[in-house]
Amino acid sequence: MGTKLSALLLAIGLSACGGVEEETQDDGERTLDVGEGVVRRLTAVEYKNTVRDLLGLEVDIESFPPDEETFGFDNNSSAQSVSPLLAETYMNTAEALAEAADVATRLPCTLDTPEPLACAADFIRDFGLQAYRRPLLDPEVEALLGVAQWGLDNADFETAMSLVIQGVLQSPNFLYRAEVGEEVEGRPDLFALTQFELASRLSYLIWGSMPDAELLAAAADHRLDREEMKSQARRLLADEKAKETIAHFYRQWLQLKEVDHLQKDRTIFPGFNSNVAKLLRIETETLIDHVVWDLDTDIREIFATSQTFRNGILSGFYGEAGPTGEEFLPMASDPSKRAGILSHGSILATHSKPNQSSPIHRGLFVREQLLCHIMPEPPDDFAIVPPELDPNLSTRERFRQHREDDACAGCHAILDPIGFGFEHFDGVGRYRAQENGEPIDASGELTVTDVDGPFLGAPGLAEKLSKSEDVQNCVVSQAFRFAYGRGESENDLQTLEDLRIAFAQQGGGLQQLFVELTQTDAFWYRKGSAASAQGDN
C-alpha cells in the first residue's frame, strides 16, 4: 500500500512546504542582526516524540539510520540529508503507523457516515493542524481529499482515512520544520517568524515534539508576544517531557552517550562491563538532573558538588563506601578525591584508552566541551599513537614526548597540563593513589582561560571551572547550537552576548537559559531570502 500511495502523492502534487497566511509580531524600528534561517528535518528522537503526541503510538527508532552530528548535536541542519534508506524508512514507518492508528476514534463522524468526504475534510483540517503544526492551506486540503477519494474508490472509508494519515506522515510538511516567516518592512533580508512557526520552535526546543492544543490556540489567537512566550516556555518546562529534552541536550554536550559504546581491556579492568557502563551514565545523569530540576541552580554546580548518586554495584565498582542496594541514592564523596561529574567514571572512562588513562583526551574534553575552545586538527600524515604502557614509567613520564616534539608541543602544552590533573583516576574512573608503585603527581594547570593557574587533582580543577565565566559562556554557546540547529555566525554576536548576560543575571540555571533562548532576536527572526527557508531538501 505504501508504494501505491507514494505514487499517488506525486501524481496529485502535495506541496513540499506550504506557506501560512497570518500576521506576525512587529517589533518596531529596532535594528536586528540574526543568523541565516535553516530548514530542519525532524531528528529520529523528534520524530518518535511527535508520533507519540500525534497518534499515541510508539516508534522504534533503532531501525532509523543514525542522525549525523555537527557541533556535537544531532539536529544541525547542515548535516540533515535524506538518504534512500531514510526515505524508505519513513515510507515503511508511515504505513505501519497508519495501519496501527485507531482511525474510528479520531474521526468527527462514524465510519458509516453518508457524507464521508465532508467528514474527511473536517478530519484533514484538524489532524493536519496538529501534524503540520499550522493550519492547512486550501490546496493542501484538496490534495489530501484526493487521497481520501482514492481510498473510497478502491476500498472503504476507514482505509481512506488510514491513507490520509499515511500521506500526512510522509509529507515534507510533517517531516520538516520550515520557517518561512514574513518579510520585515524595509528589510528584504529579514523575516519575522509567524505565530505558528514560533509555537513550533518553542515546542521542539523544550519538548522535542509538536505544540500541544494550548500552544496552537495561543498561536491562532496571535497571543505569542515575548511575555506570553516566557509564560508558555515555563509551562512547557513544568511538563515531564521537558526533562527528556534537556537530558538529550546535556547528553550530547557532555558526550555521555559515548559511555554506551566503551570497550575496555578486561585483563586490565576486569570489573568493567556494559552493565557498569550503563550505571556510570545513570550516576552522572541523576546528578545533573538533581542540579537542573531539584535545585534549579547554577549549572556549574555539576562540577563543584561533592554529592553524587550511586547504588550497590557502583559502590563496589569504585571500591568506595556508599549505598548497598539496587536503588540509586545520594551520597557524599570524599571532597579531597572527587568533585562533580569530572570525577565520574562516565566522563573519565569515555576519555581514556581501552588499556590506560589519557591525559590528552581528558584535557581535550575540558577544552572543547566545557570551554568551547576549537583545537586544530593534527596534520594528515601525523600518526597518533599513545605511548605504550611501561611498568617503570608514570603516565606523566610516558607522555613527555608530546611536549618535547615540535610537531606536538603547541597543542599538548595546553591539553596535557589539564589532563594530568585527572591522573588519580585510572582508565575506568577508579581512584588510585599510586601508579607502578609510585605516588601519583596530579598537579595541573589551566592556561588561556579566565581562571588560569595551577590546580591539584580533579577537585582543584572543578573548583576553578565552577567559578569560570568562560565555562558559563560555553554553556550558552552549546545551548545556542542545540536550540537553533546551527553554529554561531558573526550575525549572532549580539544574540550570544544578550544570552550570556541574561544567563548570568538569572543565576546560571539551565531551565532559565531555555526560557531566555525564546527571548532572543534569533528566536523570533531569520535572515535570508524567501526561497532559502524552503531549502533544497
*Hey, is R281 close enough to D260 for a salt bridge, meaning N to O under 4.0 Å?*
yes

_Note: E36-R526 ion pair, threshold 4.0 Å (strictly below)_ = no

*R251 (side chain) donor-acceptor with E285 (main chain) under 3.5 angstrom*: no

_Below 30° counts as parallel, above 60° as perpendicular, anything between as tilted: where do the rings of F480 and Y484 land?_
perpendicular

*Does any donor atom in the side chain of H248 or Q252 lie under 3.5 Å from an acceptor atom in the other side chain?*
yes

_Among residues at least two apart in sequence or on other chains, which ones pass side-chain contact (heavy atoms from CB on, under 4.5 Å) with A79?_
E68, T70

_Using the rule given for ring-ring contact (aromatic ring centres under 6.0 Å, His included), can you reason through F71 versus F482, listing the C-alpha separation, both sets of side-chain angles and the distance that settles it, and then say yes or no?_
CA-CA 9 Å; F71 287 108; F482 177 80; over 10 Å; no

*Are the charged groups of R41 and D67 less than 4.0 angstrom apart, N to O?*
yes

*Can the positive tip of R266 be found less than 6.0 Å from the middle of the six-membered ring of F272, inside 45° of the ring normal?*
no

I'd like a table of donor-acceptor pairs (distance under 3.5 Å, sequence neighbours excluded) in which one partner is a side-chain atom from residues 315-324, with atom names and distances.
| unit_1 | atom_1 | unit_2 | atom_2 | d |
| --- | --- | --- | --- | --- |
| S315 | OG | N311 | O | 3.1 |
| S315 | OG | P323 | O | 2.8 |
| Y318 | OH | E283 | OE1 | 2.8 |
| Y318 | OH | G345 | N | 2.8 |
| E320 | OE1 | R310 | NH1 | 3.0 |
| E320 | OE1 | R310 | NH2 | 3.3 |
| E320 | OE1 | R338 | NE | 3.3 |
| E320 | OE2 | R338 | NE | 2.9 |
| E320 | OE2 | R338 | NH2 | 3.0 |

_Among residues at least two apart in sequence or on other chains, which ones pass salt bridge (Lys or Arg N to Asp or Glu O under 4.0 Å) with R432?_
E423

*Answer yes or no: is there an ion pair linking R52 with E58, defined by an N-O contact shorter than 4.0 Å?*
no

*Between D521 and R226, is there a side-chain N and carboxylate O pair less than 4.0 Å apart?*
yes

_Tell me if a side-chain donor or acceptor on W293 pairs with a main-chain N or O of Q511 at a distance below 3.5 Å._
no

*Could E463 and K467 be called an ion pair, given the rule that one side-chain N must be under 4.0 Å from one carboxylate O?*
yes

*Looking only at atom types and distance, does a side-chain atom of S81 sit under 3.5 Å from a main-chain N or O of S83, one as donor and one as acceptor?*
no

*Could you tell me whether the side chain of R362 and the main chain of L348 form a donor-acceptor pair under 3.5 Å?*
yes

*Are any of the side-chain heavy atoms of F523 and L205 separated by less than 4.5 Å?*
yes

*asked:* Regarding D212 and R235, does a basic nitrogen lie under 4.0 Å from an acidic carboxylate oxygen?
replied: yes

